[in-house]
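Some notes on the structure that comes next.
Each residue takes its place number in the sequence, starting with 1.
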Amino acid sequence: MHRHRVWLTVFGFHFIVLSHVSCKQTEDATSGVQNKKESVESVGAPQARSFIAPSNRDRKRMARIEKLVQSAAFRKHGTHFDMPQIVRDAINGSGLFSGMTIDFDSGTRTRAIAYYRDLVEPQTGLRGLHAETATLNGLISYLGYAGLSDKDLEQLPSSILMDPGALKNSVSDPTKFNETMAANPLTDGELLSVRYFAPKIINVSDPETAPPDFKAGWRKLVRLQSRPDSLANTNNIDSASILFNFASDANDQTPFEGNSSSNNQVMLSRNIISDRQDATAFFLVYDDVDDGGKILDALRGVQFEMSETTPEDGKYYVPATCMDCHGQDRTNPRLNFLDTDHWFDRLQPDDDFSRIDESMVLYDVRVATSAAAEEQARNAIHAYNREVASHNTIIDRRTNNKKGQSRGVQKWIELHPTDDDLQRQPPERRGYEPLSEGELVWDPQDPQDVELVGLLNRFCYRCHSSIVYSVFDKQAVYDYSGFMHDAISGEYMPQDRNLETTNRSSKERAALEKLRVLLDSVSRQ
């Protein structure tokens, strides 16, 4: 028996497939792969497995998925191969992947440094990225905010960051900041800040963070527009979205105060021009501000997957991991929106974070000291999501490919039409509109649809809101339902929970079993 590790791209998303198989099994499994010697070292499959010829319905489903991934299933050294039969069978729910483990393409340091050196630096004018001498403070100055520090962005309340009058007296270096702003005074809207409950960043299978004695995740998003006289503006950079990540005890009522962020993530968005060789956004990662806020080549000490598939060094390198969640497109990344509805979802009874007070979800609304401050906090979320929708729509037109990041934010805007509206809308109302006639859509009047999309939202949204497909796209759920059923049955998904954990509640096990049953029902529609 040999343990084989191979790169596999399924549904346009890079995975590693790990399996224990014999050499004879490997030969059988790869018999349908074109140029198998060049494309993969080996791919494992159960020995002597028989496959049933697909029905007309399955043929149509297969054709839809092949179109979605543009016939790309295997990639090695840039060579393009057609989708092999073993992947087709897996898509159709044959159970081929049972017993295997699928994990992220976590990238490499070499690829990350090359990304900074060969793409980001030439197209943005930023320097010191690949040499690892750049800092978050340097990025802030590059955007035209010298005098405002990384610590200010991390620690100052959103209400101060978004108030030009209050900010000029609160920054670390008021003299420098006011000199910077003298020619072009800062105006409302150039800086947005939102603090919120972030259930997606907590791995609920980790004994240290899992219920009932768990930590909660929190995020602070700061969006800086590039200022008119900045180097960023000279290089067609429109804005930077800076994401600070925090963890604290679930009962902590002030999770941002005195707390420090790890893995500070940045997306630079550019004024999109016609040259398709230019990237439309760039990924950066910076160290804790207490440690100097230096540029990093990877997210560190995080866990997107189960412990057995997390990289041994605990690193997820740019841009590989970033692309996975932002449209799987190195040149045309999408922005992810602020999905307030999902934050409230995870506080519902029997969900993982039901102990957290609902008022904590929109933290800036909670701590607002006036009606004007509360309005400002609500408006900031709407303003950011409108910018996301605008950016993603342009990318969709540029690529002739409308992805979930665009459909999701457009649905959110439709369901929250006014700037003060952040009332939770249930999952069954958040289904995407069809892209073409005849596509399946979630029916909020169908009890089975209501139950299934609710379970998918609870257990699968953490990844499948932006990776490969969205749980709110019923047609995609139908297309992948067989694979999803096998993935859950094989107990390697959902990725953020170990189903064998002894303290896993009977209610959760029953809910996951119900999810399997409903997915099986959908696959027969």
Side-chain angles (χ1 to χ4, degrees), residues 113 115-117 119-158 160-194 220-245 260-271 279 281-297 318 322 335 384 387:
I113 296 300
Y115 171 73
Y116 282 156
R117 182 190 63 231
L119 183 69
V120 183
E121 289 184 352
Q123 293 191 24
T124 66
L126 275 169
R127 294 292 179 261
L129 301 178
H130 82 279
E132 300 177 290
T133 58
T135 64
L136 186 52
N137 276 328
L139 175 71
I140 295 169
S141 294
Y142 161 83
L143 292 159
Y145 294 81
L148 177 67
S149 74
D150 52 7
K151 194 68 173 179
D152 294 334
L153 293 187
E154 181 190 64
Q155 292 296 321
L156 287 177
S158 296
I160 290 179
L161 287 172
M162 292 191 288
D163 182 342
L167 182 60
K168 66 181 182 180
N169 298 317
S170 303
V171 297
S172 298
D173 189 343
T175 300
K176 181 67 174 179
F177 184 76
N178 289 315
E179 288 176 357
T180 302
M181 300 298 164
N184 294 291
L186 192 66
T187 59
D188 290 338
E190 287 190 75
L191 194 157
L192 295 177
S193 179
V194 180
K220 183 180 187 180
L221 171 74
V222 180
R223 194 275 288 130
L224 299 174
Q225 287 183 348
S226 62
R227 308 221 70 233
D229 52 354
S230 68
L231 182 58
N233 188 62
T234 301
N235 285 274
N236 295 314
I237 297 300
D238 179 67
S239 66
S241 297
I242 305 172
L243 197 60
F244 296 97
N245 300 281
S260 61
S261 164
S262 299
N263 294 307
N264 302 317
Q265 301 161 255
V266 176
M267 279 190 74
L268 294 179
S269 303
R270 73 181 309 154
N271 296 316
F282 307 90
F283 303 107
L284 309 168
V285 179
Y286 291 90
D287 202 356
D288 298 9
V289 299
D290 290 336
D291 293 327
K294 293 181 179 180
I295 191 73
L296 299 176
D297 54 21
V318 297
C322 310
L335 294 168
Y384 186 75
E387 292 179 11

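- Separating the CG atom in Leu156 from the OG atom in Ser170 is a distance of 6.0 Å, to the nearest 0.5 Å.
- A donor-acceptor pair under 3.5 Å is formed between the side chain of Ser226 and the backbone N or O of Asp238.
- In this structure, Tyr116 OH and Leu296 CG are separated by 7.0 Å, a value rounded to the nearest 0.5 Å.
- The one candidate from Ile295, Leu231, Leu284 that meets the side-chain contact (heavy atoms from CB on, under 4.5 Å) condition with Leu126 is Leu284.
- Within the 4.5 Å cutoff, the side chain of Phe282 has heavy atoms near those of the Ile237 side chain.
- Atom CG of Asn263 and atom CG of Leu243 lie 10.5 Å apart (nearest 0.5 Å).
- With hydrogens and angles disregarded, a donor-acceptor distance shorter than 3.5 Å links the side chain of Glu154 to the backbone of Ser261.
- No donor-acceptor pair closer than 3.5 Å links the side chain of Tyr286 to the backbone N or O of Leu139.
- Side-chain atoms of Thr234 come within 3.5 Å of backbone atoms of Ser230 as a donor-acceptor pair (strictly under, hydrogens ignored).
- In this structure, the side chains of Val120 and Val318 stay at 4.5 Å or more apart for every pair of heavy atoms.
- Remark: Met267 CE to Cys322 SG distance equals 8.5 Å, nearest 0.5 Å.
- By the 4.5 Å heavy-atom criterion applied to side chains, Leu148 and Leu191 are counted as neighbours.
- Counting all heavy atoms, side chain and backbone alike, Gln265 lies closest to Asn245 at OE1-ND2, 2.9 Å.
- Asp297 has its side chain within reach of Glu132: a pair of non-hydrogen atoms, C-beta onward, lies under 4.5 Å apart.
- Scanning both residues, Asn178 and Lys168, for their nearest heavy atoms gives OD1-CB, 3.3 Å.
- The ring-ring contact (aromatic ring centres under 6.0 Å, His included) test applied to Phe283 returns His326, not counting sequence neighbours.
- The backbone N or O of Val171 lies less than 3.5 Å from no partner atom in the side chain of Asp152, so there is not a single donor-acceptor pair.
- For the residue pair Tyr142 and Asn235, the shortest heavy atom distance occurs at OH-CB, 4.2 Å.
- The minimum heavy-atom distance between Val222 and Phe244, with the atom names listed, is CG2-CE1, 4.1 Å.
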- Query: Is there a side chain to side chain contact (heavy atoms under 4.5 Å, CB included) between Lys151 and Asp290 once you walk through the steps?
  - Reply: CA-CA 8 Å; Lys151 194 68 173 179; Asp290 290 336; 2.7 Å; yes

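- Counted within 6.0 Å of NZ on Lys176, heavy atoms from surrounding residues, nucleotides or ligands total 12 or fewer; the atom is thus considered open.
- At least one donor-acceptor pair under 3.5 Å links the side chain of Asn233 to the backbone N or O of Pro228.
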- Verify side chain to side chain contact (heavy atoms under 4.5 Å, CB included) between Asp288 and Ser262, making sure each step is shown before the conclusion. CA-CA 5 Å; Asp288 298 9; Ser262 299; 3.8 Å; yes

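- Among residue pairs with one or both ends in residues 222-232, those qualifying as salt bridge (charged side-chain N to carboxylate O under 4.0 Å, His left out) are Glu190-Arg227, Arg223-Glu387; sequence neighbours excluded.
- Within the model, atoms CD1 of Ile140 and CG of Leu224 stand 7.0 Å from one another, a figure rounded to the nearest 0.5 Å.
- For the atom pair Tyr145 OH and Met181 CE, the distance stands at 6.0 Å (nearest 0.5 Å).
- Taking 4.5 Å as the limit, some side-chain heavy atom of Pro164 sits within range of a side-chain heavy atom of Asp188.
- Contact annotation: the side chain of Leu161 approaches that of Leu167 to within less than 4.5 Å [non-hydrogen atoms, C-beta and beyond].
- Under the 3.5 Å distance criterion, the side-chain polar atoms of Asn137 are matched with a main-chain donor or acceptor of Asp150.
- The two residues Val194 and Ser158 come nearest to each other via the heavy atoms N-OG, 3.9 Å.
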